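This report refers to the structure that appears directly beneath it.
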Amino acid sequence: VTHTARVGSGARGAAVTVLAPDLIFHQGRVESGLALAVRDGRIERIASAASLVEAGHTLERLPGRLLLPGFVNAHSHAFQRVIRGRTQWRPARGQADFWSWREAMYGAALGLAAAEIQAVARFCFLEMLLAGYTTVGEFHYLHRDEHGQRYADPLELSRRVIAAAEEVGIRIAHLHVCYARGGVDRELLPEQRRFATPDLDEYLRDVDALIAAYRSSPGVTIGVAPHSVRAVPPDWLRPLHDAASSWGVAFHMHAAEQPAEVEAARAAWGRRPVELLADLGVLQGGTCLVHATHLTDEEVRFVAEAGVVVCACPTTERDLGDGFLRGQELLAHGGTVAVGSDSQTIIDPLEEIRLIEYHERLRRLQRVVLGGNETADTVEPAPTLLRIASAGGAAALKLHAGELQAGMHADLVGIDLEHPSLAGWTEAALPALLALSAPSAVVADVWVGGHRRVTAGRHPLLAEAALGFSEVARRTPLLSALTGIPPRRQ
Ligand SMILES: [Zn+2]
């Protein structure tokens, strides 16, 4: 039962909901006795439950729950959910790597009809909500039909993916991808024909049209996303960045995910991808580089000090054999880090953040590497990791979210304190239990813009969305048969 209180005429009767969980994760600590007032989709204030009752509000009690800011998935390709479990093989006489995986992924991208892309995205976004992601940054590069023709409505697939997000109620930052080349100084490949945006002005008009179309949609923002230095000519990057700045929208780009990309850039321009981007002037505060795995010491320092957000996708980077994020160095230089589920191999924000710490341990043969809450005697990285999952992603997507603070979107997750993986919890141990041990199945309740989307682990569209997705997935064979393309190096 939802109890809402109404305030006086000064607020024109707008309903205030006051959520009163057992515990709130607030300013890096777990605290009890606090409640959170929500109005018009935003957090109005956080105060003691007792003072809010005194002010005349009725509390919506959330027994057995710890409330956190919703997790932000800053980098996703929703359609790739359909190839989960279908690329975990290699040729008996050969090897599998990022590039062979990419061939398989292209095969899936070519085979999906528009309605199927929507069905896959809808289920993928629902799975994200169940895991506690309240926002997805959808790096969307499926623009054209199976034959490479623009749809009658050139924004057909963007609209369908955004509609999928709206259906299940996840906030979406639709990062419209610019994709013009098949590789450094190479024509687009036939299997990349659905991605093509061959004309810069046409691409910018498309983004402008999207911004206008969704200006009044509260859960939708649009961003500019040149795919990578492989896929976009260098002389387009500054105009793209300037357009994003003038619109005030997010600017995202893959960079330095693979050594082969670094080498191709050096061969073509005599500079590494991040050096090239820095020279072009696009590595300014708020730019988001996705992966940024293969950085030199200088590049790490430059990126961190410029205020560039690095979106790590550790479960995908692990799956593809990309390499390790230089997380400790980025954070030590004051950098901002976000996470994304990227290829959807795993959709679990807690797994993403803990790999940032655990990968450092494996690299260094040490325990407890990252900084965080510090006392004279101890350093605890869990609060840092939890901030990466929420505030880091919000910074990447330019959203007023990711913190329990007045004025922020009321995007929230309620953790089930009775989940077996948390048994024995104390307030002091909870951040570490979440960040370093628990699965995302501990997420019981999810609110987006103050609206409850998930209740006790259930979403109302789960059965329907799963059925629609399964029908598409069953038509997707193991990708060796689908592509008929032998793995090939770029
Ligand atoms: Zn990606």
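Hydrogens, waters and symmetry mates play no part in the numbers below; they use all other heavy atoms, side chains included. As the structure is a computational prediction, the values presented were derived from the model and not from experiment. Atoms within a ligand are numbered from 1 in the order they appear, just like the ligands themselves.
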Open item on the list: Over 60° means perpendicular and under 30° means parallel, so tell me whether F139 and Y141 are parallel, tilted or perpendicular.
Closed with: perpendicular
TODO: Return yes when at least one N/O/S atom of H75 is nearer than 2.8 Å to the Zn ion (ligand 1), and no when none is.
DONE: yes
Open item on the list: Minimum heavy-atom separation for L320 and Q258, please, with both atom names.
Closed with: O-NE2, 4.4 Å
- [ ] Just say parallel, tilted or perpendicular for the rings of H174 and H176, cut-offs at 30° and 60°.
- [x] tilted
- [ ] Please confirm if an N, O or S atom belonging to H77, backbone or side chain, lies less than 2.8 Å from the Zn ion (ligand 1).
- [x] yes
- [ ] Output the atom name for the N/O/S atom of D342 with the smallest distance to the Zn ion (ligand 1).
- [x] OD1
Open item on the list: Which label fits H359 and F324: parallel for a plane angle under 30°, tilted from 30 to 60°, or perpendicular past 60°?
Closed with: perpendicular
